[in-house]
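What follows is one structure encoded as structure tokens, with my remarks underneath.
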Amino acid sequence: MNAIALGLSRARYETRIYFRQGDTIFFTFLFPIVMLSIFSVAFSAAGNFGTNPDGSGGISAAAFYVPGMIAAGILLSGVQNLAVDIAVERGDGTLKRLGGTPLPVVSYFIGKFGQVFLTSLAQIVLLLLIARFAFNVALPTDGGRWLTFVWVYLLGITTSAVLGIALSRIPRSGKSATAVIIPIVLVLQFISGVYLQFSQLPTWLQNVASVFPLKWMAQGMRSVFLPESFAKVEQNGTWDLGLVALVLAIWLVGGLVAARFTFRWIRKDS
């Protein structure tokens with residue numbers, strides 16, 4: 001119980017530090033919101049997405065991009081944020097100093113996970129408020145869709161956070177962390193249906209993207225925010241929510257195993 005209390009206190013500390021870093025605020029917290037605004041304005045003159053042959057129906061560009069930007073925000077909050085943050089802490093000696101304190105390892109990770117959950121939830125709330133009131137996007141009213149949102153979000157953010165911890169070992173120094181991690185995250189966003197309509201990508205690129213979790217997080221979020229008629233343009237012609245859960249669960253387990261073997265706390269007893 002003491003370790004949990006320390007972890008919660010650490011989460012509050014991590015969150016305060018997070019909102020004091022200007023580059024982090026822009027590239028992880030505000031980036032999906034900025035991109036939603038840009039795409040909504042840039043494609044507003046092109047007409048609705050998914051219109052019928054007679055020109056009726058469809059949804060606005062803002063409504064179309066909301067689920068992708070939520071999925072991207074989850075990836076940024078978990079993978080990019082933690083991978084860069086932990087790599088920097090390893091490089092500047094923070095982990096070493098923490099290793100010399102009585103702080104339990106579990107408390108450290110509770111703090112990291114707590115910060116990721118709090119900041120990603122705040123990001124999603126702000127993004128939805130802007131979508132609703134700035135771009136007049138109608139949000140779901142069906143409780144079943146919001147239930148889907150909850151489990152896709154929880155599974156997605158947990159998987160992203162674990163993968164972020166595992167990937168934090170890739171940069172050779174804290175200074176190179178941003179240059180190493182951001183390109184990985186950026187490429188995944190372009191091939192996973194965040195910025196480009198997934199069905200318009202070449203089949204081989206769709207198959208490559210299907211290996212990674214972001215494609216499935218975006219697909220799960222599309223099932224929440226897009227009309228049911230959009231399911232037919234998915235890779236298998238359906239939302240495939242069972243497969244969404246399975247792939248994310250596999251990545252979660254794989255990430256846990258990778259993090260266990262790649263993350264090193266300084267103390268030998270940990």
**Q.** Positive for side chain to side chain donor-acceptor pair (under 3.5 Å) with Glu14, one of Arg16, Arg10, Arg12
**A.** Arg10

Is there a path of hydrophobic side-chain contacts, each under 4.5 Å between heavy atoms of I, L, V, M, F, W or Y residues, that connects [X] with [Y]?
X      : Y      : result
Ile250 : Val253 : no
Leu129 : Tyr65  : no
Phe133 : Phe135 : no
Leu82  : Val257 : no
Leu248 : Leu243 : yes

Taking every non-hydrogen atom, the tightest pair across [X] and [Y]:
X      : Y      : value
Val137 : Ala63  : CG2-N, 3.7 Å
Gln197 : Phe49  : OE1-CD2, 4.4 Å
Gln189 : Phe31  : OE1-CE2, 4.3 Å
Trp216 : Val247 : CD1-CG1, 3.3 Å
Val116 : Gly78  : CG1-CA, 4.2 Å
Gln235 : Ser210 : OE1-OG, 2.8 Å

So [Y] and [X], do their side chains get closer than 4.5 Å, heavy atoms only?
X      : Y      : answer
Val224 : Pro67  : no
Arg145 : Thr148 : no
Phe198 : Ile191 : no
Ser160 : Trp251 : no
Pro104 : Leu6   : yes
Phe149 : Ile124 : yes
Leu154 : Phe117 : yes
Met217 : Thr159 : no

Q. Do other residues, nucleotides or ligands put more than 12 heavy atoms under 6.0 Å from the CZ atom of Arg172?
A. no

Q.
For Arg132, I'd like to know if atom CZ has over 12 heavy atoms of other residues, nucleotides or ligands within 6.0 Å.
A. yes

Got a second to check how far [X]'s [atom1] is from [Y]'s [atom2], nearest 0.5 Å?
X      : Y      : atom1 : atom2 : answer
Ser223 : Asp240 : OG    : CG    : 10.5 Å
Leu75  : Leu163 : CG    : CG    : 8.5 Å
Leu188 : Leu76  : CG    : CG    : 10.5 Å
Lys215 : Leu205 : NZ    : CG    : 12.0 Å
Ser120 : Leu127 : OG    : CG    : 12.0 Å
Lys175 : Asp92  : NZ    : CG    : 11.0 Å

Q.
Checking Thr238 against Asn236: is there a side-chain donor and acceptor pair closer than 3.5 Å?
A. no

Under 3.5 Å donor-acceptor, [X] side chain and [Y] backbone:
X      : Y      : result
Arg90  : Ser168 : yes
Thr158 : Leu155 : no
Ser9   : Ala5   : no
Gln123 : Thr28  : yes

Q: Just do the side chain to side chain contact (heavy atoms under 4.5 Å, CB included) check on Lys112 and Ile86 with the steps written out, would you?
A: CA-CA 9 Å; Lys112 291 296 185 186; Ile86 295 175; 4.3 Å; yes

Q: Verify side chain to side chain contact (heavy atoms under 4.5 Å, CB included) between Val194 and Phe39, making sure each step is shown before the conclusion.
A: CA-CA 11 Å; Val194 172; Phe39 280 101; over 6 Å; no

Q) Going through the checks in order, is the ring-ring contact (aromatic ring centres under 6.0 Å, His included) test met by Phe263 and Phe109? A) CA-CA 11 Å; Phe263 182 85; Phe109 283 114; 4.9 Å; yes

(Q) Check the orientation of Phe64 and Phe230. Use parallel for under 30°, tilted for 30 to 60°, and perpendicular for over 60°. (A) tilted

Q: Evaluate the side chain to side chain contact (heavy atoms under 4.5 Å, CB included) criterion for residues Trp239 and Val244: first the C-alpha distance (whole Å), next the side-chain angles of each, then the deciding distance (0.1 Å), finally the verdict.
A: CA-CA 8 Å; Trp239 296 126; Val244 170; over 6 Å; no

(Q) Using side chain to side chain contact (heavy atoms under 4.5 Å, CB included), reason through Asp85 and Tyr18 one step at a time and then give a plain yes or no. (A) CA-CA 10 Å; Asp85 196 25; Tyr18 175 92; over 6 Å; no

Q. Hey, mind stepping through Phe29 and Phe19 against ring-ring contact (aromatic ring centres under 6.0 Å, His included) and telling me if it holds?
A. CA-CA 9 Å; Phe29 189 79; Phe19 282 111; 5.4 Å; yes

